[in-house]
Q: 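First the structure, then my questions, so here it is.
As a basis for the values below, the full set of heavy atoms in this structure was taken, side chains included, without hydrogen atoms, waters or symmetry mates. Note that this is a predicted model, so its numbers are computed, not measured.
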Amino acid sequence: MGRRLKFRGESHHKVDGKGRVSIPASFRRVLEAGDPNWTDGLSPEFVIVYGDHRRKYLECYTMDAIEEVDDKIAALPRGSIERKMLERLFNGQSMPTSVDETGRIVLPAKLREKIGIGNEAFFIASGDTFQIWTPATYEAEEQARTEEWLDDLPDDFDPLILLDQKPGA
């Protein structure tokens, strides 16, 4: 298995009245690479996980990435509360979709209303997924959380040091 492409970057995009929004071009390349059924000329498929009422963003998984999640859920004991809840959050509260020939997706009204998207969406990469936010919500919550975390660290702190920590340390 080759190295999986990762989503990188962030951008703002207009959302039209029908909920159509352009996917960043670099994100489309990762969606194509992460869809085993994609070939040139086809639209890459992916899964939007919208989750429960606490989730204020949409998490978009490549087909490969969601299959990895599905495999981990399937490995849990049948009938366990953990498996039932994860199936509900990742299988039930999700929506398969694809990028159209113009590089756009349609966000249904249900999903736009859930996270409060109006005429603009904020996309941010998160490794093997990307997230779609209402710009104001992202700034108020996630950006503020990051800044608060950084403010608690010394001015000369280098985040790369975190990569050298042992898991669970």
Q: Starting at OG1 of T62, measure out to CG of L5 and round the result to the nearest 0.5 Å.
A: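 CG of L5 is found 9.5 Å from OG1 of T62.
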Q: Let me confirm one number: the CD-CH2 distance from E32 to W38, rounded to the nearest 0.5 Å.
A: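 The distance works out to 4.0 Å.
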Q: To the nearest 0.5 Å, what is the distance between OG1 on T129 and CZ on F46?
A: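 It comes to 12.0 Å.
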Q: To the nearest 0.5 Å, what is the distance between CD1 (I73) and CG (L86)?
A: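 CG of L86 is found 5.0 Å from CD1 of I73.
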Q: Going only through I, L, V, M, F, W and Y residues with side-chain contacts under 4.5 Å, is there a path from V30 to F122?
A: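 In one cluster: no.
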Q: Answer yes or no: does atom CZ of R88 have more than 12 heavy-atom neighbours from other residues, nucleotides or ligands under 6.0 Å?
A: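 Open.
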Q: Would you check, one step at a time, whether the test salt bridge (Lys or Arg N to Asp or Glu O under 4.0 Å) holds for R145 with E148?
A: CA-CA 5 Å; R145 184 181 298 158; E148 185 179 307; over 6 Å; no
Q: Could you tell me which non-hydrogen atom of G19 sits nearest to which non-hydrogen atom of R112, and how far apart they are?
A: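 Between these two residues, the closest heavy atoms are CA-NH1, 2.9 Å.
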Q: Could you grab the distance from atom CD of Q93 to atom CD of E87, nearest 0.5 Å is fine?
A: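 The distance works out to 12.5 Å.
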Q: Donor-acceptor check, side chain of K84 to backbone of R78, threshold 3.5 angstrom: yes or no?
A: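 Here the side-chain-to-backbone pair does not exist.
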Q: I'd like to know if the side chain of K56 pairs up with that of Y138 as donor and acceptor (distance under 3.5 Å, no hydrogens or angles considered).
A: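 Checked: K56/Y138 side chains show no N/O donor-acceptor pair below 3.5 Å.
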Q: Give the ring-plane orientation class for F130 versus F27, where under 30° counts as parallel, over 60° as perpendicular and anything between as tilted.
A: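 Aromatic pair F130/F27 classed tilted.
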Q: side-chain contact (heavy atoms from CB on, under 4.5 Å) between C60 and I132: does it pass, once the steps are laid out?
A: CA-CA 8 Å; C60 301; I132 304 173; 3.8 Å; yes
Q: Examine V49 and L89 and state if one hydrophobic cluster contains both, with Ile, Leu, Val, Met, Phe, Trp and Tyr joined whenever side-chain heavy atoms are less than 4.5 Å apart.
A: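 Yes, one cluster joins them.
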Q: Let me see the working for H13 and F123 under side-chain contact (heavy atoms from CB on, under 4.5 Å), right down to the final yes or no.
A: CA-CA 8 Å; H13 293 269; F123 288 74; 3.5 Å; yes
Q: Test side-chain contact (heavy atoms from CB on, under 4.5 Å) on V99 and L31 and set out the steps.
A: CA-CA 9 Å; V99 181; L31 290 172; 3.8 Å; yes
Q: Do S98 and E45 have side-chain atoms, one donor and one acceptor, less than 3.5 Å apart?
A: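 There is no such pair (donor and acceptor under 3.5 Å, judged by atom type) between the side chains of S98 and E45.
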Q: Testing the basics here: between G34 and P36, what is the closest heavy-atom pair and its distance to 0.1 Å?
A: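 For G34 versus P36, the nearest heavy atoms are O-CD, 3.5 Å.
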Q: Check this for me, if you would: do R54 and D52 make a salt bridge, where the nitrogen-to-carboxylate-oxygen distance has to be below 4.0 angstrom?
A: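 A salt bridge is present here (some side-chain N lies under 4.0 Å from a carboxylate O).
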Q: Assess the residue pair V21 and I105 against the criterion (side-chain contact (heavy atoms from CB on, under 4.5 Å)); give the C-alpha distance rounded to whole Å, side-chain angles, the decisive distance to 0.1 Å, and a yes or no.
A: CA-CA 6 Å; V21 61; I105 60 167; 3.8 Å; yes
Q: Counting neighbours of CD1 on I161 that are heavy atoms of other residues, nucleotides or ligands and sit closer than 6.0 Å, is the number greater than 12?
A: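 No, the 6.0 Å shell around CD1 holds no more than 12 heavy atoms from other groups.
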Q: So which atom in V47 and which in S94 form the shortest heavy-atom distance, rounded to 0.1 Å?
A: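 Closest pair (atom of V47, atom of S94, distance): CG1-CB, 3.9 Å.
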Q: Looking at every non-hydrogen atom in both residues, tell me the closest pair between K114 and G51 and how far apart they are.
A: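 Nearest heavy atoms, K114 then G51: CE-O, 3.3 Å.
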Q: Out of curiosity, does I115 fall in the hydrophobic cluster containing V15 (side-chain heavy atoms, cut-off under 4.5 Å, transitive links)?
A: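 Linked within one cluster.
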Q: Write down the atom of V106, the atom of K18, and the distance for their closest heavy-atom approach.
A: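 Smallest heavy-atom distance, with atoms named: CG1-O, 3.7 Å.
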Q: Quick check: does any side chain N or O of R20 sit under 3.5 Å from a backbone N or O of R104, one acting as donor and the other as acceptor?
A: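 Checking the backbone N and O of R104 against the side chain of R20, no donor-acceptor pair under 3.5 Å is found.
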Q: Looking only at the side chains, is there a donor atom on one of T102 and D100 sitting less than 3.5 Å from an acceptor on the other?
A: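 Yes, D100 and T102 have a side-chain donor paired with an acceptor closer than 3.5 Å.
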Q: Determine, using ring centers only, whether Y57 and W133 are less than 6.0 Å apart.
A: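 Yes.
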Q: Is it the case that the side chain of R83 and the backbone of L76 share a donor-acceptor pair, with hydrogens and angles ignored and the cut-off at 3.5 Å?
A: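 Present.
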Q: I'd like to know if L58 and M95 are part of one continuous hydrophobic network [Ile/Leu/Val/Met/Phe/Trp/Tyr, side-chain heavy atoms within less than 4.5 Å].
A: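 Yes.
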Q: I need the R28 CZ to S43 OG distance, nearest 0.5 Å.
A: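 If we round to the nearest 0.5 Å, R28:CZ and S43:OG are 10.5 Å apart.
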